[in-house]
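Below is one structure, written out as structure tokens; comments come after it.
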Protein chains: 2
Amino acid sequence: MLIVQKFGGSSVADKEKIFNVANRIGEQYEKGNKIVVVLSAQGNTTDILLKKANEINPDANKRELDMLLTTGEQQSVAFMSMALQKLGYPAISLNAAQVGIHSSSAYGKARIKKIDCNRIISELDKNNIVLIAGFQGINKFGDITTLGRGASDTTAVALAAVLSANFCEIYTDVDGIYSGDPRMIKHAKKIKEIGYDEMLELASLGANVLHNRSIEIAKKFNVALIVRSSISKESGTVVKGVSKLENTLIRGVAIDEDVARISIVGLEDKPGISFKIFSLMAKENITVDLIIQSIGRNTTKDISFAVDKSELKRTIEILEENKDYITYDYLKFEEKIAKLSIIGAGIASNTWFASKMFEALYRANVNIQMIASSEIKISVLIDIEDIVKAANAVHDKFLSENLIQE
Amino acid sequence: MLIVQKFGGSSVADKEKIFNVANRIGEQYEKGNKIVVVLSAQGNTTDILLKKANEINPDANKRELDMLLTTGEQQSVAFMSMALQKLGYPAISLNAAQVGIHSSSAYGKARIKKIDCNRIISELDKNNIVLIAGFQGINKFGDITTLGRGASDTTAVALAAVLSANFCEIYTDVDGIYSGDPRMIKHAKKIKEIGYDEMLELASLGANVLHNRSIEIAKKFNVALIVRSSISKESGTVVKGVSKLENTLIRGVAIDEDVARISIVGLEDKPGISFKIFSLMAKENITVDLIIQSIGRNTTKDISFAVDKSELKRTIEILEENKDYITYDYLKFEEKIAKLSIIGAGIASNTWFASKMFEALYRANVNIQMIASSEIKISVLIDIEDIVKAANAVHDKFLSENLIQE
């Protein structure tokens, strides 16, 4: 079998953990499998580098940031290669330029366009374990890009897709996907198997176990994912196949604290306004979420949406620079908020889900600032102070009524 | 003018030093010059990475070590680019793969074979300050090599050569080349100008200011070097042109503590023996120095030579593996030694230099273990305990007789 394995930064944070992972890799190799391993930077390496960069230049050029940050993953694969060789396994490390992981040029959030398989296949044919630096790509200029925080998952799944791997194991510090973040939701339950679409909602709503773009790629190329612990040998959660749309249970509760709300107040109430705003955002590669447009008052309307906290400053700058082009009265923003979501394939067709969620929030005395729903999720923005209380209240409500599917 | 500047690791060790260097670079840029800057890894980054690697695998594969160590220089250039941009200067960082610094495949001590100028020239044409990671190359497989410790100088001079730069400034933590290491030789004097050959001897004999391969390249392509301080604005030492062979003064005293002696005892006294030994050393990329062959006793002879301390273990292994091929009785080695040299273009033609050196050592009660001389140097191996005393005695002797040229 050909297996792609991905280990996160906390799994390779120090020498002992590196050897723990090297042993896990070795076990699969000894069974006669061909192994491709994707690694993140060790522990908090990326944060330390970001902090240093920020001290030098708080508005550091994204190209230079990517040049800097990608060294963390390159160090990880070199260390792991040395550890595997120490244990007697043949191994070789490769960075994105060496593999040929071609990406777009959007530094800091590039997208993978094409992966060359020749070098990897030739190393696998020499019976090498192939260690690949996650999170990075090269663009058409030969410059180094990063694929966004947490995108080592994306690297792993994309490699599994182009190499037609039998499956892709995502090793992490939890032993699977839970119906809520176990660090915050007291009664969270482990999910045995989940479809791509539901997993996609869980991920994009803040369940940090899998990067959402990795799930999109897995879905597109039908790559079976296994999310499991790098420490324990428990079976983990399998992500594959389609969601059952007729389902009448929810899959879990997700929390996203990395969100900010921005409102553009006093827009002219005429066609084309939202196009102007969101094409600007798209051009600047800012991901927006939870777009809500107020009903027009007199001749004006308001548009509110959510962005990542880290993008708030730049979003405001862009909107202010384009005030004359968009034409509005003023901007409002709020950083002390969090997003709470419930996910389940049957949500759109069953109003009871929304009703039960709002009831739980009401009983917990939590005020709802914004609401958005889709086919398979309902999200609310609430005060960040209330998030743990609110998430537990909602999760307990669905659990007590046996409405969470394992 | 087109200027290549090189700053060592201690010059970019922290934020403050990075900005100090960025200001120095900016000054030259503002005069309308085109600037290419080569940087080493920050402070003791390389040592820290080496230590971590050694903890994971003391016999780490050299390819993987190079993969690891080159991240230090990549971080330096990214940080410097951010600092320059913060100061308002346009800058871009490039690693060896991006420039196209093609090298041999001898990981850990690769040689530069060819440098592509297109990317650099195109960035200079956009008025960018171009920051290039020193110490690294890529081989024909696209894999990352390093050019040996201290080889960022080599990168800088090679770039100056291929770009036909007007000159190459080597910034360091001392303000020029001295007639002896000022940290050890009390009365050391700064040299204003020195020829390539004499500088080559000074460097290869342990004056750590310039990497000797960088001087070889500078000589070959006639690149004028300026060695100066990254802190002070003093004029430094110019390295260029030919040595005056009729000179009757010495240029300085050099110390090399990173040396070990090895003796092969009881070799057959027949032709081809030294060829066997040194072709083995060459094949394994071990640099040898101070080769001395004893006069044959009966039917056997001994060969002694010096290697870097770090190569001693491997040298012994190679010689032991090939004992039957070379045929000898046994090996002897000594690590607690150091090499003391005097350098000057007129040494070969004037026996007084050797005589004065040996007199000074005799008066200082220092025992000489081995002697070797060339056209422009005399080196002795002595007990490492005696080195500072011996170096000062020799330097003072020549100084007192007005035999050191400034």
Side-chain angles (χ1 to χ4, degrees), chain A residues 14-16 18-19 22 41-42 45 48-49 52-87 90-100 116 118-119 122-123 131 133 138 141-144, chain B residues 14-16 18-19 22 41-42 45 48-49 52-87 90-100 116 118-119 122-123 131 133 138 141-144:
Chain A
D14 57 34
K15 182 189 160 189
E16 195 185 331
I18 286 174
F19 275 102
Q42 289 187 287
T45 303
I48 291 169
L49 290 173
K52 283 190 182 177
N54 196 49
E55 281 165 12
I56 290 172
N57 188 343
D59 296 307
N61 181 301
K62 291 203 167 181
R63 179 195 179 278
E64 300 303 329
L65 272 177
D66 286 359
M67 188 82 174
L68 177 69
L69 296 181
T70 47
T71 60
E73 281 72 21
Q74 188 168 320
Q75 293 178 354
S76 284
V77 290
F79 283 134
M80 188 59 72
S81 186
M82 294 172 194
L84 284 163
Q85 289 169 2
K86 175 79 181 167
L87 297 176
I92 189 163
S93 66
L94 298 172
N95 64 21
Q98 290 168 337
V99 172
D116 302 331
N118 291 351
R119 180 73 193 262
S122 111
E123 297 298 342
L131 304 160
I138 47 163
F141 309 110
D143 286 346
I144 300 173
Chain B
D14 57 35
K15 182 191 162 189
E16 195 185 330
I18 286 173
F19 275 102
Q42 289 187 288
T45 304
I48 292 169
L49 291 173
K52 282 190 185 178
N54 196 49
E55 283 166 12
I56 290 172
N57 187 344
D59 296 309
N61 182 303
K62 290 201 168 184
R63 180 197 179 277
E64 300 302 329
L65 272 177
D66 286 359
M67 187 84 174
L68 177 69
L69 297 181
T70 48
T71 59
E73 281 71 21
Q74 188 168 321
Q75 292 178 355
S76 284
V77 291
F79 283 134
M80 188 60 71
S81 186
M82 293 172 195
L84 284 163
Q85 290 170 1
K86 174 79 183 166
L87 297 177
I92 188 163
S93 66
L94 298 173
N95 65 20
Q98 289 168 339
V99 172
D116 302 332
N118 292 351
R119 178 72 194 262
S122 109
E123 297 298 342
L131 305 160
I138 47 163
F141 309 111
D143 286 345
I144 300 172

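From a predicted model like this one, the values you see are computed outputs, not experimental measurements.
- The distance from atom CG of B:Asn57 to atom CE of A:Met80, rounded to the nearest 0.5 Å, is 13.0 Å.
- Closest approach of A:Phe19 and B:Ile56 over heavy atoms only: CZ-O, 3.2 Å.
- Residue A:Leu87 does not touch chain B at all, counting heavy-atom pairs closer than 4.5 Å.
- Using a distance-only test at 3.5 Å, with no hydrogens or angles considered, a donor-acceptor pair links the side chain of B:Arg63 to the main chain of A:Ser93.
- The distance from the NZ atom of A:Lys86 to the CG atom of B:Asp59 is 6.5 Å, given to the nearest 0.5 Å.
- Of the listed residues A:Thr70, A:Leu49, A:Asp14, the one with more heavy-atom pairs under 4.5 angstrom with chain B than any other is A:Leu49.
- B:Val77 places none of its side-chain heavy atoms less than 4.5 Å from the side chain of A:Glu64.
- Looking at A:Ala22, neither its backbone nor its side chain comes within 4.5 Å of chain B, counting heavy atoms on both sides.
- With a 4.5 angstrom heavy-atom cutoff, A:Ala53 touches chain B via backbone and side-chain atoms both.
- Between A:Gln42 and B:Lys52, some side-chain heavy-atom pair lies under the 4.5 Å cut-off.
- Residue contact with chain A, scored on non-hydrogen atoms closer than 4.5 Å, is absent for B:Asp66.
- Both the backbone and the side chain of A:Leu94 come within less than 4.5 Å of a heavy atom of chain B.
- For B:Ala83, the parts sitting under 4.5 Å from any heavy atom of chain A are the backbone and the side chain alike.
- For A:Ile92, the parts lying under 4.5 angstrom from a heavy atom of chain B are both the backbone and the side chain.
- Contact of B:Leu65 with chain A is made through backbone and side chain together, with heavy-atom distances under 4.5 Å.
- For A:Gln98 (side chain) and B:Gly142 (main-chain N/O), a donor-acceptor pair under 3.5 Å exists by modelled atom type.
- Heavy atoms closer than 4.5 Å to chain B are found in both the backbone and the side chain of A:Asp143.
- Between the CD atom of B:Glu55 and the CE atom of A:Met82 there is a distance of 12.0 Å, given to the nearest 0.5 Å.
- A distance of 11.0 Å separates OG1 in B:Thr71 from CG in A:Asn95, rounded to the nearest 0.5 Å.
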Q: Carefully, step by step, assess B:Gln75 and A:Gln75 under the rule side chain to side chain contact (heavy atoms under 4.5 Å, CB included).
A: CA-CA 12 Å; B:Gln75 292 178 355; A:Gln75 293 178 354; 3.6 Å; yes

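- Remark: side-chain polar atoms of A:Gln74 are not paired, donor with acceptor, to backbone N or O of B:Leu68 under 3.5 angstrom.
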